[in-house]
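In this chain, numbering begins with 1 at the start of the sequence shown.
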Amino acid sequence: MPEAAIFHLTPEDIATLSPTDLAARLAHRPGTLGERMGIMLLEAGPERLVATLPVEGNRQPAGRLHGGASAALAEELASIGSWLNLDIRREVAVGVDLNITHVRGATGGEVRGVAERVYRGRSVLVWTVSIFNEHGKLTSTARCTCNVVRV
């Protein structure tokens, strides 16, 4: 069964639910890396998503947030956002390119990722993701490209 089954959403749900209500419907993604890492969706929509990620449990040996955890947060947001742009009964989105630059470390609390869709075509979606520490300072910036695959 395609991964889309975990969403339990109709295109009408995506079009009519508020970003907060849509995020609540998407909050439980059992068996996903996002669930394991503690990513919590706060807002979700076809053009913008917001989520948090705890630093605790996602650290590198030096005690800072692992760069791979930031990358996973960026791709999680871009992938979910891409799915919200598709007819999930016939299409899936898969990440094909991720570029991330880390500009500041995070040592505690949580980080907040904000994803914005910058391009939507028939077969590709492009997202920018900004990740901020608990003081609102930029820690990482990413660009993620997802391809649309018909199932």
Item to check | Within residues 121-134 or reaching into it, pairs that qualify as salt bridge (Lys or Arg N to Asp or Glu O under 4.0 Å) - sequence neighbours excluded | outcome: none
Checklist entry - At their closest point, which heavy atom of S70 faces which heavy atom of L65, and how far apart are they? => result OG-CD2, 3.3 Å
Checklist outcome for this item: With sequence neighbours left out, the residues meeting side-chain contact (heavy atoms from CB on, under 4.5 Å) with E47 are R117
Checklist outcome for this item: Here the gap from L138 atom CG to N133 atom CG, rounded to the nearest 0.5 Å, amounts to 9.0 Å
Next on the checklist: Donor-acceptor check, side chain of H66 to backbone of G68, threshold 3.5 angstrom: yes or no?
Outcome noted: yes
Checklist entry - By side-chain hydrogen bond (donor to acceptor under 3.5 Å, both in side chains), which residues pair with N58, not counting sequence neighbours? => result none
Next on the checklist: With a 3.5 Å distance limit and no angle check, can you tell me whether T139 reaches the backbone of I131 through a side-chain donor-acceptor pair?
Outcome noted: yes
Checklist entry - What's the verdict on side-chain contact (heavy atoms from CB on, under 4.5 Å) for C146 and V96, showing C-alpha distance, side-chain angles and the deciding distance? => result CA-CA 6 Å; C146 294; V96 295; over 6 Å; no
Next on the checklist: Run the side-chain hydrogen bond (donor to acceptor under 3.5 Å, both in side chains) test against D21 and tell me which residues pass, sequence neighbours left out.
Outcome noted: S18
Checklist entry - Can you name the residues that form a salt bridge (charged side-chain N to carboxylate O under 4.0 Å, His left out) with R104, not counting sequence neighbours? => result none
Checklist entry - Are I88 and V151 co-members of a hydrophobic cluster defined by side-chain heavy atoms under 4.5 Å apart? => result yes
Checklist entry - Sequence neighbours excluded, which residues qualify as side-chain contact (heavy atoms from CB on, under 4.5 Å) partners of A51? => result I39, L41, L73, L77
Next on the checklist: Taking salt bridge (charged side-chain N to carboxylate O under 4.0 Å, His left out) as the definition, give me every residue that meets it alongside R90, ordered by chain and number, with sequence neighbours left out.
Outcome noted: D87
Checklist entry - Looking at CG of N85 and CH2 of W127, how far apart are the two atoms once the value is rounded to the nearest 0.5 Å? => result 5.5 Å
Checklist outcome for this item: Here the salt bridge (Lys or Arg N to Asp or Glu O under 4.0 Å) pairs for residues 141-151, sequence neighbours left out, are E91-R150, D97-R143
Checklist outcome for this item: A72 and L33 have their tightest heavy-atom pair at CB-CD2, 3.9 Å
Item to check | Residues, nucleotides or ligands: over 12 heavy atoms within 6.0 Å of M40 CE | outcome: no
Next on the checklist: So which atom in A142 and which in L98 form the shortest heavy-atom distance, rounded to 0.1 Å?
Outcome noted: CB-CD1, 4.3 Å
Checklist outcome for this item: Between L49 and G81, the two heavy atoms sitting closest are CD1-CA, 3.4 Å
Item to check | Considering all heavy atoms, the nearest A62-Q60 contact | outcome: CB-OE1, 2.8 Å
Checklist outcome for this item: Residue set satisfying side-chain hydrogen bond (donor to acceptor under 3.5 Å, both in side chains) with H102, at least two apart, ordered chain then number -> S140
Next on the checklist: I need the T128 OG1 to Y119 OH distance, nearest 0.5 Å.
Outcome noted: 15.5 Å
Checklist entry - What about V148 and V124, same hydrophobic cluster or not, with Ile/Leu/Val/Met/Phe/Trp/Tyr joined at side-chain heavy-atom distances under 4.5 Å? => result no
Checklist entry - With sequence neighbours left out, what residues match E110 under side-chain hydrogen bond (donor to acceptor under 3.5 Å, both in side chains)? => result none
Next on the checklist: Strictly by salt bridge (Lys or Arg N to Asp or Glu O under 4.0 Å), give each pair with a member in residues 62-83 just once, sequence neighbours left out.
Outcome noted: R29-E76
Checklist entry - Is there a path of hydrophobic side-chain contacts, each under 4.5 Å between heavy atoms of I, L, V, M, F, W or Y residues, that connects L42 with M37? => result no
Next on the checklist: List the residues meeting side-chain contact (heavy atoms from CB on, under 4.5 Å) with R48, not counting sequence neighbours, and say none if there are none.
Outcome noted: E43, V50, V114, E116
Item to check | Gap separating the CG atom of L125 from the CG atom of N147, nearest 0.5 angstrom | outcome: 9.0 Å
Checklist entry - Which heavy atom of V129 sits nearest a heavy atom of A115, and at what distance? => result CG2-CB, 3.8 Å
